[in-house]
Structures are given as C-alpha cells and as structure tokens.
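Everything below concerns the one structure shown next.
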Amino acid sequence: MNRNKCSRCGLVNLLVDEVCRRCGAALTGEASAAGESGAVRKRGIGRRLIWIFGTTLVLLFVFYLSLLLTSDELEFDRRQTVRNAIAILKQNGFDKEAFVLGNLVKYRATDNWWNRYVGHRDAYAAANFPFEVVTLYPEFFDVAVDDTERAAILLHESNHLFGSGEDAALERVWRDKQRLGWTADKYGQTKVWNNTRELTVARVPKLFQCGTDGHSDCIQ
C-alpha cells in the first residue's frame, strides 16, 4: 500500500489521508511523488547502463569474429608444433601463460584485417589484445631452431595477451630465458636469439649495463 510521509513530523500516513494523524498538518503527497519519481529515474539509469553494456559486448564479439573471418587457421601439423612449445612452457613453471596459450587463444596462419592495417616488422608472431588471437608467421616454424625457441616467442606474445607493452614483454622474456632453458651457450648463434637480443638492447638497455665494460648482459 502506498504511504504519505508528513513533512512536519515525519510520520508516514496512508496515501488517502489529507492531514497527518499525529500533528494535523496538511499532507500534499509531494514526498510520495518525489519517491516514486526517484525510483523511476533509478530504473531508467539502470536500463541505460544495461543497454550500454550489452551493446559493447555485441560490438566486441563482432570485432572478434571479424579477426577470425579475415584470417586463415593453422594447419594440423603446425597446431601440434604449437602444443609442443606450450608444453615446454608448462614444464618450466609458466603455468598461467601455458593455460592461456593452450586454452583461450585462437591461432591464425595469416594476418587478419587489423594486423594488415597496423602492419608489423619481421615479426615471428602477433597478438591481438584483448581478443586472445595470435598470428604465427612462417618464421615461427621455419627460423626458430626448436620448440624451446618457439616457447620463448610464445612467452613474449603471452605478455601482450595480458595487456603488457612491447618493452615489458621483451624484458620478461630476457629475464626468464634461463628458467625456460633458452640460454646463450645453446642458442647464442641463432637468428631468433640475435634478433631478440638486439631488440631488447634497444628497447630495454638497463638489462645490458653490467660487467667491467658496462655493456654486458645483466641476466646470466
């Protein structure tokens, strides 16, 4: 049943009452009307927020589908190669990264429209955050010498999938390279190692300011 609050003494009366039962003051129904108006406004704001949230989800889903529809899927044997590299990450304690790379990511063999628009420079892979889409270029399979080196590339891309920028991803991989088993004594002459080292020196120079010459790798 609707109620009518007295503006003088605060007693809540029935809506049909014309005067307050306690103090006798005239009841105009303004308080009740104001309450109903406020409730309507709150419901209106709530519906608007739900509409905005729903529309945003739909647009994100359409964008995600567009990334998949404008690129090609990996072939079966290459998907197995990716699984082998992810297994190496898991074996070396990169559980969070291995879970995302193994369960949430869609792998593509060719660039989607967004990658073609943005472009890339001699990359081994490219990640689309926050859509968990990773494009693996032929160099990922043909230039990397083994699955450990491919695991290093995937570790780099996983940082992008978590929202990290290029500098942070390079630093993370370089700091964790020994934990991964990607070390200079075994891989120091490979193209992936040299490319990664050169890029890391340029983007994260603080990692190479050790030794007597002040230019040696600080992560050994």
Side-chain angles (χ1 to χ4, degrees), residues 67 71 74 78 81-82 84-86 88-98 100-102 104-220:
L67 298 180
S71 59
L74 283 178
R78 296 203 160 184
T81 299
V82 173
N84 294 339
I86 294 173
I88 290 176
L89 285 172
K90 187 172 180 60
Q91 291 168 8
N92 288 281
F94 298 95
D95 295 332
K96 179 176 68 174
E97 292 80 2
V100 171
L101 291 165
L104 303 182
V105 171
K106 282 287 188 180
Y107 292 97
R108 315 306 289 173
T110 59
D111 275 324
N112 53 58
W113 70 268
W114 180 248
N115 285 349
R116 290 194 294 270
Y117 176 77
V118 175
H120 60 83
R121 297 180 180 177
D122 302 323
Y124 297 100
N128 299 120
F129 173 80
F131 299 100
E132 312 303 283
V133 174
V134 173
T135 304
L136 299 176
Y137 301 115
E139 291 79 4
F140 175 85
F141 302 96
D142 303 333
V143 175
V145 297
D146 61 15
D147 290 332
T148 297
E149 201 152 68
R150 295 184 188 97
I153 297 172
L154 289 180
L155 180 60
H156 179 100
E157 298 306 321
S158 72
N159 281 268
H160 292 316
L161 295 174
F162 287 117
S164 298
E166 182 68 9
D167 293 358
L170 287 167
E171 181 172 353
R172 172 76 191 288
V173 171
W174 201 254
R175 287 187 180 278
D176 286 340
K177 61 185 186 296
Q178 288 183 304
R179 175 184 168 193
L180 183 60
W182 192 50
T183 56
D185 57 342
K186 185 174 180 180
Y187 297 94
Q189 301 304 314
T190 69
K191 183 176 181 180
V192 174
W193 177 278
N194 289 326
N195 287 347
T196 304
R197 191 181 193 282
E198 290 174 5
L199 191 56
T200 308
V201 169
R203 302 289 294 262
V204 198
K206 66 180 181 181
L207 298 180
F208 301 89
Q209 297 175 349
C210 295
T212 56
D213 61 353
H215 298 288
S216 299
D217 183 4
C218 298
I219 315 298
Q220 294 290 349

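Here the structure is a predicted model, which means the values were calculated and not measured. Heads up: numbering here begins at 1 and tracks the sequence.
Of the possible polar contacts, one joining the K177 side chain to the I219 backbone as a donor-acceptor pair under 3.5 Å is found. Side-chain atoms of R150 come within 3.5 Å of backbone N or O of F140 as a donor-acceptor pair. At least one donor-acceptor pair under 3.5 Å links the side chain of E157 to the backbone N or O of A127.
Between Y137 and N115, some side-chain heavy-atom pair lies under the 4.5 Å cut-off. Between R108 and V134 there is no side-chain heavy-atom pair separated by less than 4.5 Å. Residues W193 and K186 fail the side-chain proximity criterion, which asks for heavy atoms closer than 4.5 Å. Within the 4.5 Å cutoff, no side-chain heavy atoms of W182 are placed close to those of D176. Using a 4.5 Å heavy-atom cutoff, the side chains of R172 and H156 are not in contact. Counting only heavy atoms from C-beta outward, the side chains of F162 and V100 approach each other to under 4.5 Å. Residues Y187 and V192 have side chains not in contact (no heavy-atom distance under 4.5 Å, counting atoms from C-beta outward). For the pair N159 and L170, the minimum side-chain heavy-atom distance is 4.5 Å or more.
Ion pairing between R78 and D142 holds under the 4.0 Å rule for side-chain N and carboxylate O.
Across all non-hydrogen atoms, the minimal contact from I153 to A125 is CG2-CB, 4.1 Å. Taking both residues in full, the closest heavy atoms of E132 and L161 are given as OE2-O, 3.4 Å, listed atom of the first, atom of the second, then distance. Of all non-hydrogen atoms in A169 and H160, the two that sit nearest each other are CB-CE1, 3.8 Å. For the residue pair A151 and A85, the shortest heavy atom distance occurs at CB-O, 3.5 Å. Shown here for K90 and D95, the closest heavy-atom pair between the two residues is O-OD1, 3.7 Å. In terms of heavy atoms, L89 sits closest to A98 at CB-CB, 4.4 Å.
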Exercise for review: List the steps, then state whether side-chain contact (heavy atoms from CB on, under 4.5 Å) holds for L74 with F141.
Suggested key: CA-CA 11 Å; L74 283 178; F141 302 96; 4.1 Å; yes

Point to revise | Steps toward side-chain contact (heavy atoms from CB on, under 4.5 Å) verdict (V204, W174) | key: CA-CA 10 Å; V204 198; W174 201 254; over 6 Å; no

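To the nearest 0.5 Å, atom CG of residue L199 and atom CZ of residue R197 are 12.5 Å apart. Taken to the nearest 0.5 Å, the CG atom of L207 stands 5.0 Å off from the CZ atom of R175. For the atom pair CG (D217) and CZ (F208), the distance works out to 5.0 Å, reported to the nearest 0.5 Å. Rounding to the nearest 0.5 Å places CD1 of I86 at 10.5 Å from CG of D147. To the nearest 0.5 Å, atoms CH2 (W114) and CG (N128) are separated by 9.0 Å. E139 CD to Y124 OH: the interatomic distance, rounded to the nearest 0.5 Å, is 7.5 Å.
Of the candidates T190, L180, I88, E149 forms a side chain to side chain contact (heavy atoms under 4.5 Å, CB included) with just one, namely T190.
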